Amino acid sequence: MKNGEGPRARRPGRARRVAAWSAAGVLAVGGTGAGLLWSHLSGNVDGVDIDAALGHDRPGASHDGAMNILLLGSDSRAGTHGAYGRDAGGARSDAAMVLHVDKSHHKASVVSIPRDTVVSRPDCPKPDGGTVPGARQAMFNASFQLGGPGCTVKTVEKMSGVRMDHYLEVDFGGFKRLIDELGGVDITTRQAVTDSHSHLDLRPGKHTLRGEQALGLVRTRHGVGDGSDLGRIQLQQAFVKALTQRVNSLGLFSDPSKLYHLADTATKAVSADSELASADKLLGLARELKGISPDHMNMVTMPVAYDPRNPSRVVPLEKASHAVWQALRADRPIPPSATHDSVGDKGDSPVTGGS
């Protein structure tokens, strides 16, 4: 991100304190070898220069401390040795969430974007040169497949009018390793969740999901509901809350050794925009976000209706979606009325966080 636009630039004093604290943690682990440890962690992270890809035709940046991060789960099978099939012509975004952190950094709103949403995709630069032509009737998740993270960010910004300050991506293998490093995540199922495709067989009750089962849960389309992406989003949102609860319960920031091992796994698991693509900035971001409890995290799905031309697709509800994005732009809570008519927020999730 450009100077003065990212969270570190907006809060220079706090950024220095966070970076200093993080460095102290590594010193406690590594002693005189801290420099090598820190360099190793930073070398784990893949960075993407989103600014260079998108240029200047973007929504304005916030300057009040609020922050928007595009979170992507890609369906890349890299490193999984075919356990989940082969990539079909390139990875696509299997999950997409806009995380809005309010200016106090004590509350957050999360807006899930269904991968099957029909959107107007703008012209996008290809990562290896050239241009991906825009399309008026395009599948949202194809923007990642065709133009990489830059095109996905540009598509989200065009349809929302909200500038993405940062971008974070995790693929199948990275997700599994991260959950295993955390010792699993606790959930409670209200009903049975079974899916032979995702190797899931969860009875009603309490469970601690390790990496393989956690990946199956956030990927399943057949284990709940009508088999659509909308039911899967409910599971993903419930799991994110459970994951937040798990991380907050571990006391990582008071245990430098545990923090280092988790940071080593996490930095190998994620790709990020170039401003975040270092260990100190990722840990600094985590330090700032750790005060947001699941109770202060409002999660919704972008208001959508089934596409009358293709019932396996959805289209945004224009007025309702505008209300959601306007709330984020104004750093206000999303009004509950915005999702009343959406097919994406019907009924309670079959899964809740905690055990």
Side-chain angles (χ1 to χ4, degrees), residues 1-22 50-51 54 56-72 96-113 152-154 156-169 237 240-241 243-245 247-248 252-253 266 270 272-278 280-303 320-339:
M1 302 293 150
K2 297 177 177 61
N3 292 335
E5 294 180 350
R8 303 286 75 76
R10 290 193 296 268
R11 294 166 162 249
R14 187 172 185 178
R16 285 192 291 271
R17 291 194 297 274
V18 170
W21 183 95
S22 300
I50 297 297
D51 277 334
L54 300 186
H56 301 290
D57 184 19
R58 305 180 64 188
S62 171
H63 296 286
D64 61 359
M67 178 170 46
N68 300 295
I69 305 172
L70 179 61
L71 307 175
L72 290 179
M97 298 179 177
V98 175
L99 167 64
H100 173 81
V101 181
D102 81 346
K103 61 185 177 184
S104 74
H105 287 205
H106 293 145
K107 296 180 180 180
S109 297
V110 178
V111 183
S112 293
I113 303 173
T152 304
V153 171
K154 190 169 185 178
V156 171
E157 290 187 344
K158 180 175 177 59
M159 72 180 183
S160 68
V162 178
R163 186 185 182 98
M164 299 297 108
D165 299 298
H166 295 294
Y167 143 83
L168 284 169
E169 175 201 339
Q237 291 177 344
V240 167
K241 285 195 172 186
L243 175 60
T244 301
Q245 185 174 343
V247 171
N248 288 348
L252 295 172
F253 289 91
V270 302
D273 63 272
S274 54
E275 187 184 345
L276 276 183
S278 67
D280 61 331
K281 291 181 179 178
L282 282 171
L283 289 176
L285 176 64
R287 180 75 168 87
E288 288 198 18
L289 300 184
K290 81 178 187 73
I292 301 176
S293 70
D295 291 340
H296 291 150
M297 186 180 295
N298 180 31
M299 307 192 79
V300 304
T301 301
M302 183 180 73
S321 293
H322 176 78
V324 169
W325 301 126
Q326 178 58 30
L328 268 56
R329 289 193 293 270
D331 194 31
R332 295 196 306 263
I334 296 170
S337 59
T339 60

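Bear in mind that the values here come from a model prediction, so they are computed numbers and not experimental data.
The structure places CG of Leu99 at 9.0 Å from CG of Leu168, a figure rounded to the nearest 0.5 Å. Residue Asn298 holds its CG atom at 7.0 Å from NZ of Lys241, rounded to the nearest 0.5 Å. Between the NE2 atom in His100 and the OG atom in Ser62 there is a gap of 7.5 Å [rounded to 0.5 Å]. Here Lys290 contributes atom NZ and Thr244 contributes atom OG1; the two are 13.0 Å apart, rounded to the nearest 0.5 Å. One distance of note links CE of Met97 with OG1 of Thr301; it measures 8.0 Å at 0.5 Å rounding. The distance from atom CD1 of Ile113 to atom CG of Leu70, rounded to the nearest 0.5 Å, is 6.5 Å.
Listed for the Arg329 side chain is a donor-acceptor partner under 3.5 Å among the backbone atoms of Ser160. The closest donor-acceptor contact from the side chain of Ser321 to the backbone of Pro303 lies under 3.5 Å. Judged by distance alone, the side chain of Asp165 and the main-chain N or O of Asn68 form a donor-acceptor pair under 3.5 Å. A distance-only check finds a donor-acceptor pair linking the side chain of His105 to the backbone of Gly65 [under 3.5 Å]. Of the possible donor and acceptor atoms, none in the side chain of Gln245 sits under 3.5 Å from a partner among the backbone N and O of Ser293. With hydrogens and angles disregarded, a donor-acceptor distance shorter than 3.5 Å links the side chain of Asp331 to the backbone of Lys103.
Taking each heavy atom of Gly60 and Arg163 in turn, the nearest pair found is O-CB, 3.6 Å. Residues Met302 and Trp325 approach most closely at SD-CZ2, 3.7 Å, considering heavy atoms. Considering every non-hydrogen atom in both Ile69 and Tyr167, the closest pair reads CG2-N, 4.3 Å.
Residues Val111 and Ile334 form a side-chain contact, since some pair of their non-hydrogen atoms from C-beta on lies under 4.5 Å apart. Using a 4.5 Å cut-off on side-chain heavy atoms (C-beta onward), Met67 and Leu289 make contact. Here the side chains of Ile50 and Met164 are not in contact, with every heavy-atom distance at 4.5 Å or above. Side-chain contact between Glu275 and His166 is present, with heavy atoms from C-beta onward closer than 4.5 Å. Side chains of Val240 and Met297 form a contact here, defined as non-hydrogen atoms less than 4.5 Å apart.
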Please walk me through it: do Asp51 and Arg58 pass side-chain contact (heavy atoms from CB on, under 4.5 Å)? CA-CA 10 Å; Asp51 277 334; Arg58 305 180 64 188; 2.8 Å; yes
